[in-house]
Number of protein chains: 2
Amino acid sequence: MSVTARGSLAEALSLRGIRLTRQRRLLLEVLDNAPGHLNARELLQAARRTDPTIDRATVYRTLHLLKTGGLVDELDLLHLEGEEHYYERRRTGDHVHLGCPQCGTISEFETDLVLELSQEVARREGFTATGIRIEVRGICKACSEAQVG
Amino acid sequence: MSVTARGSLAEALSLRGIRLTRQRRLLLEVLDNAPGHLNARELLQAARRTDPTIDRATVYRTLHLLKTGGLVDELDLLHLEGEEHYYERRRTGDHVHLGCPQCGTISEFETDLVLELSQEVARREGFTATGIRIEVRGICKACSEAQVG
DNA sequence: GTCGTGAATGCAACTGAGTCGCAACTGATG
DNA sequence: CATCAGTTGCGACTCAGTTGCATTCACGAC
Ligand SMILES: [Mn+2]
Ligand SMILES: [Mn+2]
Ligand SMILES: [Zn+2]
Ligand SMILES: [Zn+2]
């Protein structure tokens with residue numbers, strides 16, 4: 001489980017003089033092994049199952065660090081429910097999030113259009129993208145079939 | 001100033017049995033005439049210059065209404081600063097927001113790729129998009145030119 | 001190993017965005 | 001006008017996220 005990720009993490013952080021603490025390792029491990037997208041509260045709860053002393057403030061401080069360092073992406077999944085943000089490990093391939101307000105499901109979608117967009121932004125605007133967030137709201141397949149069916 | 005918008009607003013709302021109150025008209029007018037993107041606090045402040053009695057709760061309730069009704073889009077502009085959300089009147093052409101953390105500037109970018117994306121999502125996933133939010137973080141032209149100089 | 005030091009953590013108090021229940025008010029309809 | 005459901009202002013509340021500070025700890029130097 002995520003040994004490589006842990007390796008790259010140590011690299012990525014220690015190079016910048018950022019310490020790899022027990023808590024940071026734990027939080028990234030939780031994010032790696034999480035089935036879906038976690039918000040800060042859920043991340044804290046999950047981490048506390050391993051280390052009951054870890055604090056809310058540490059979670060927020062670590063998330064900030066990981067966001068800035070490009071290791072984690074922050075999403076709001078269109079705030080389909082609540083105002084919290086959600087977090088996921090940054091992967092190699094960018095992806096789009098599809099949210100269906102009707103059933104509350106979030107699904108993921110990969111497409112070359114994400115890359116195309118960052119290229120077009122660079123070409124036409126001179127803007128060098130470092131991160132892209134695409135979130136689509138709409139009616140998912142299951143919901144639209146259930147409605148007409 | 002936004003007479004047509006007001007007309008279409010009355011249509012759009014009264015059809016659904018939603019009353020066009022003094023406060024709602026005012027809030028939409030402020031959004032229409034705002035130079036950039038406003039968060040809820042700024043929207044309240046601006047509205048109070050015309051109607052000092054308007055309340056925070058009304059702003060939030062109205063924003064919720066307008067979001068649900070598709071008249072206003074909620075953005076978080078990658079939370080470059082703060083956790084608030086920002087609001088803008090929905091226009092005909094979808095557009096992308098480009099945010100530069102270095103100088104804090106938000107710019108807008110129009111491209112057919114937005115439409116292409118919603119089509120691809122429909123074709124490959126059976127997902128009917130009702131709204132798309134694309135936010136790109138990166139280094140703007142001015143900042144990258146200033147850096148290399 | 002152990003030591004020293006600056007960085008990170010836990011804690012508790014705080015901030016402020018957003019929500020809610022309720023009494024007073026008002027826009028639409030006839 | 002008169003009616004009345006929908007809407008507003010208000011004040012109290014919730015709770016995500018932040019901050020200051022004393023304590024602890026990661027990690028490089030020895
Ligand atoms: Mn995802
Ligand atoms: Mn957000
Ligand atoms: Zn659905
Ligand atoms: Zn810039």
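For clarity, every value in this text was computed on a predicted model and none was experimentally measured. All heavy atoms count here, side chains included; hydrogens, waters and symmetry mates do not. Naming: A, B, ... by sequence-line order, numbering from 1 per chain.
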B/Glu108 and B/Arg91: CA distance, side-chain angles, deciding distance, salt bridge (Lys or Arg N to Asp or Glu O under 4.0 Å) verdict: CA-CA 13 Å; B/Glu108 303 190 337; B/Arg91 305 174 231 159; 2.8 Å; yes
Can you tell me how far [atom2] of [N] sits from [atom1] of [X], to the nearest Å?
{"X": "B/Glu42", "N": "C/dA17", "atom1": "CD", "atom2": "P", "value": "11 Å"}
{"X": "A/Leu44", "N": "C/dC11", "atom1": "CG", "atom2": "P", "value": "11 Å"}
{"X": "A/Arg22", "N": "D/dT24", "atom1": "CZ", "atom2": "P", "value": "13 Å"}
{"X": "A/Asp51", "N": "C/dG10", "atom1": "CG", "atom2": "C1'", "value": "11 Å"}
{"X": "B/His64", "N": "C/dT19", "atom1": "NE2", "atom2": "P", "value": "8 Å"}
{"X": "A/Arg24", "N": "C/dG10", "atom1": "CZ", "atom2": "P", "value": "11 Å"}
{"X": "A/Arg19", "N": "C/dT9", "atom1": "CZ", "atom2": "P", "value": "10 Å"}

Members besides B/Ile132 in its Ile/Leu/Val/Met/Phe/Trp/Tyr cluster (side-chain heavy atoms under 4.5 Å):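 Members besides B/Ile132, by chain and number: A/Val96, A/Leu98, A/Phe109, A/Leu113, A/Val114, A/Leu117, A/Val121, A/Phe127, A/Ile132, A/Ile134, A/Val136, B/Val96, B/Leu98, B/Phe109, B/Leu113, B/Val114, B/Leu117, B/Val121, B/Phe127, B/Ile134, B/Val136.
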Under 4.5 Å side-chain linkage, directly or through intermediates, the cluster mates of B/Tyr60: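 Its cluster partners, ordered by chain and number, are none at all.
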Polar side-chain atom of B/Thr130 near backbone of A/Arg137 as donor-acceptor pair, under 3.5 Å: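 Side chain of B/Thr130 to backbone of A/Arg137, a donor-acceptor pair under 3.5 Å: yes, one is there.
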Whether A/Glu42 side chain and A/Asn39 backbone form a donor-acceptor pair below 3.5 Å: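 Yes.
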Pair A/Tyr86, A/Glu88: side-chain N/O donor-acceptor within cut-off below 3.5 Å: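 No, no side-chain donor-acceptor pair sits under 3.5 Å.
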Phosphate-side-chain proximity, A/Gln23 and C/dG10, N/O vs OP1/OP2 below 4.0 Å: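 True: A/Gln23 side-chain N/O within range (under 4.0 Å) of C/dG10 OP1/OP2.
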Any A/Thr58 side-chain nitrogen or oxygen under 4.0 Å from OP1 or OP2 of C/dA8: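 For A/Thr58, the contact criterion (side-chain N or O under 4.0 Å from OP1 or OP2 of C/dA8) is not met.
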Relative orientation of the end axes in the helix from C/dG1-D/dC30 to C/dG30-D/dC1, expressed as an angle to the nearest 10° (five pairs per end):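 The end-segment axes of the helix from C/dG1-D/dC30 to C/dG30-D/dC1 are tilted 50° relative to each other.
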Side chains of residues 62-70 of chain B: which donor-acceptor pairs under 3.5 Å do they make with residues two or more places apart or in other chains?
{"unit_1": "B/Thr62", "atom_1": "OG1", "unit_2": "B/Thr58", "atom_2": "O", "d": "2.7"}
{"unit_1": "B/Lys67", "atom_1": "NZ", "unit_2": "B/Glu74", "atom_2": "OE2", "d": "3.1"}
{"unit_1": "B/Thr68", "atom_1": "OG1", "unit_2": "B/His64", "atom_2": "O", "d": "2.8"}

Per-nucleotide protein contact string for nucleotides 10-20 of chain D (B base, S sugar-phosphate only, - none; heavy atom under 4.0 Å): B-B---SBBBB
Ring pair (Phe, Tyr, Trp, His ring centres under 6.0 Å) against A/His97, all qualifying residues, sequence neighbours excluded: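 For A/His97, the residues satisfying ring pair (Phe, Tyr, Trp, His ring centres under 6.0 Å) (neighbours in sequence not counted) are A/His37, A/His95.
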Heavy-atom pair of closest approach, residues A/Pro101 and A/Gly99: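 Answer, listing the atom of A/Pro101 first, then A/Gly99: CD-O, 3.5 Å.
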